Amino acid sequence: MAAANAGGAGLGGFIIPIAFLVIFYVFAIRPQKKREKEIREMRESLRVGDEVITIGGIYGKIVKLKDDMVTIEVGANKTKIDLTKWAIGSTINKQETKENNEEK
């Protein structure tokens, strides 16, 4: 009888940590991987003429693309800055901006 109780307690001791790992995976790891995939796809689909925002907060327009390098044009003086692709934080879609202005 004592051996049966010890075996049952051991199984219960594994269920709680496994449940915490599953919850942690569902709420932390999985959404992070999905976000990283979206960012990677956005950076791979960059084209000349796209307006972007860097991770440092600089707004600019892409004027030149190489393998891993991006040249953006910023400001009224059209200053050109060379960046790596991973420094691009997001793109600004002109169509979405026009649709938002029409709704207001």
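The model shown is predicted, which means the values in this text are computed figures rather than measured ones. Just so it is clear, the values below take in all heavy atoms, side chains as well, and ignore hydrogens, waters and symmetry mates.
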One should read off an interatomic distance between S90 OG and R43 CZ, to the nearest 0.5 angstrom, of 9.5 Å
Connected hydrophobic set around F20, excluding itself, where side chains approach under 4.5 Å: I16
Looking at N77, I want to see if its CG is surrounded by more than 12 non-hydrogen atoms of other residues, nucleotides or ligands under 6.0 Å. no
Closest heavy-atom pair and its distance - I92, Y59: CD1-CD2, 3.6 Å
pair M42-T91: side-chain heavy atoms closer than 4.5 Å: yes
Given L46 and I88, is the side chain to side chain contact (heavy atoms under 4.5 Å, CB included) satisfied, shown in steps? CA-CA 10 Å; L46 291 174; I88 304 297; 4.0 Å; yes
Just do the side chain to side chain contact (heavy atoms under 4.5 Å, CB included) check on I58 and I53 with the steps written out, would you? CA-CA 5 Å; I58 299 172; I53 304 172; over 6 Å; no
Kindly indicate, with the supporting measurements, whether the criterion side chain to side chain contact (heavy atoms under 4.5 Å, CB included) is fulfilled by T54 and I72. CA-CA 10 Å; T54 66; I72 63 171; 4.0 Å; yes
Output a table of donor-acceptor pairs, distance under 3.5 Å, between side-chain atoms of residues 28-38 and any protein atom two or more places apart or on a different chain; print 'none' if there are none.
{"residue": "Q32", "atom": "NE2", "partner": "E36", "partner atom": "OE2", "Å": "3.2"}

Pairs under 3.5 angstrom only: tabulate donor-acceptor contacts from the side chains of residues 78-85 to other protein residues two or more places apart or in another chain.
{"residue": "D82", "atom": "OD1", "partner": "T71", "partner atom": "OG1", "Å": "2.6"}
{"residue": "T84", "atom": "OG1", "partner": "W86", "partner atom": "NE1", "Å": "2.8"}

